[in-house]
Each structure stands twice: as C-alpha cells, then as structure tokens.
Q: 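Below you'll find the structure I mean.
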Amino acid sequence: MARANLTSAAVIAAAADLADRDGFDTITLSALARGLGVQTASLYSHVRDRSALVEGVHRLALGELADRIALAIGGRSGHDALTALAGAHRDYAREFPGRWTALQRPATEATVRSEAAGRVAGLTQAVLRGYPLPESELVHAVRLLAATVNGFLALQANGGIAHREPDPDLSWRRALDALDVAFRSWPAPAA
C-alpha cells in the first residue's frame, strides 16, 4: 500500500523511527521505502540520498532534544538545572536509541549551523552560565559536560556498566554531583 502525500519531514521521521526500532545502521533508502510502501525511487523527490536522510535524522533529533531540554531546565539553576539537562539527554537516549546514535555521529557543517543545534548549544550554555565560570572557559565546561554525559550513556547502552554493583543510577548521580563541584570550583583560565 503506497503512502500518499509523503513529505521530506515525513520521510525523515520514518527514518528516525526505523533507526529507533531496528538500529541506526539500518537506515537505507530501500529499507525506508519498504516500510513506507513505496518504490525507492519515489523517495528521491524528498531526500537527495542516504547522507541527506541521516543528516535529516540528526537535525530532527537535535530539535526534539532541544524541546526536552527547554522543558526540563525551565525555572531551574545550578545543580538542579545541570541534573535536568543531563536527565533530558539520558531519557532521550533511552526512549529513542536510533535518534541518539544519530546525535553521536559527526555533524555536517549545515547541521552545526542549524537552528536546532543552536538551541541545544544555547540551552547548555545557559545552564553553565549559572555557575561562576569565566566566559572564556565556557567551551571547556561544555566539552567536559558533553564528554561525561555522552560517555556514561555510551557505556550504559553497550552494557559496559551493567554487571557491577552499585546500581548505575547511583554512579550517574555521583557523576553529576562531581560535575557540579567542578563547575563551582573551576580553575582560573590559563595565562
């Protein structure tokens, strides 16, 4: 059964759903066409190729994540905002594993400059501006936060921390507490 009225947004959303259900690497135009009940050639009027499709999933995920972060951190600051920001990432990764994988792939220059990427970066910086960090050190703090959250989530996704006590949730909270301490006592910029 062919789907009428396909749009680029609908094709990208279907690709994101495919990634969540079957894994990021299953995103192909032929698999997507089968799932949509259309011929592969009919997708080319909506997406240029697989690269464009993957880029679309990346941008979709950035926009969805930005919406979740904004809701989570609203009215919060300091440790509460940091925990909410990290929790939004963790919940998104659990709920949408294929989309999360897209976020872990290198972004194209166009995606980096996209409104969705700007929103995620701006919200993250807003949380970190609640700490006594010099503006010149903000990029380093963002990188530390991203490395900690993404590293933890990657280890959890591949089962790397599932086989030891205590519960990984305790380790997650401890990691966020350690980040909070680091951001509150950030060293002075190097001369």
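Note: hydrogens, waters and symmetry copies are ignored here, and every other heavy atom, side chains too, is used. Remember, predicted model here, so these are calculated numbers, not experimental data. Residues take their numbers from the sequence shown, with the count starting at 1.
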Q: Are Val139 and Leu144 connected in the hydrophobic side-chain network, where two residues link if heavy atoms are under 4.5 Å apart?
A: no
Q: List the atom of Glu55, the atom of Thr108, and the distance in Å for their closest heavy-atom pair.
A: OE2-OG1, 2.7 Å
Q: Is it true that Asp22 and Arg34 have a side-chain N and a carboxylate O under 4.0 angstrom from each other?
A: no
Q: Taking atom CD of Gln39 as the centre, does the number of heavy atoms from other residues, nucleotides or ligands within less than 6.0 Å exceed 12?
A: no
Q: Measure centre to centre between the rings of Trp186 and Tyr131, then say whether the value is under 6.0 Å.
A: no
Q: May I ask you to decide whether Asp169 forms a salt bridge with Arg90, counting only side-chain N to carboxylate O separations under 4.0 Å?
A: yes
Q: Return the minimal non-hydrogen interatomic distance between Arg76 and Ala72, and the atom names on each side.
A: NE-O, 2.9 Å
Q: Before accepting this row, confirm whether a basic side-chain N of the pair Glu115/Arg119 lies closer than 4.0 Å to the acidic partner's carboxylate O.
A: yes
Q: Nearest heavy-atom pair of Ile73 and Ala81: which atoms, and what distance?
A: CG2-O, 3.7 Å
Q: Where do Pro189 and Ser136 come nearest, in terms of heavy atoms and distance?
A: CG-OG, 3.8 Å
Q: With a 4.5 Å limit on heavy-atom distance, are the side chains of Leu53 and Leu43 in contact?
A: no
Q: Taking side-chain hydrogen bond (donor to acceptor under 3.5 Å, both in side chains) as the test, write out the residues that go with Asp17, two or more places apart.
A: Arg99
Q: Go through the structure and list residues passing ring pair (Phe, Tyr, Trp, His ring centres under 6.0 Å) with His89, not counting sequence neighbours.
A: Trp100
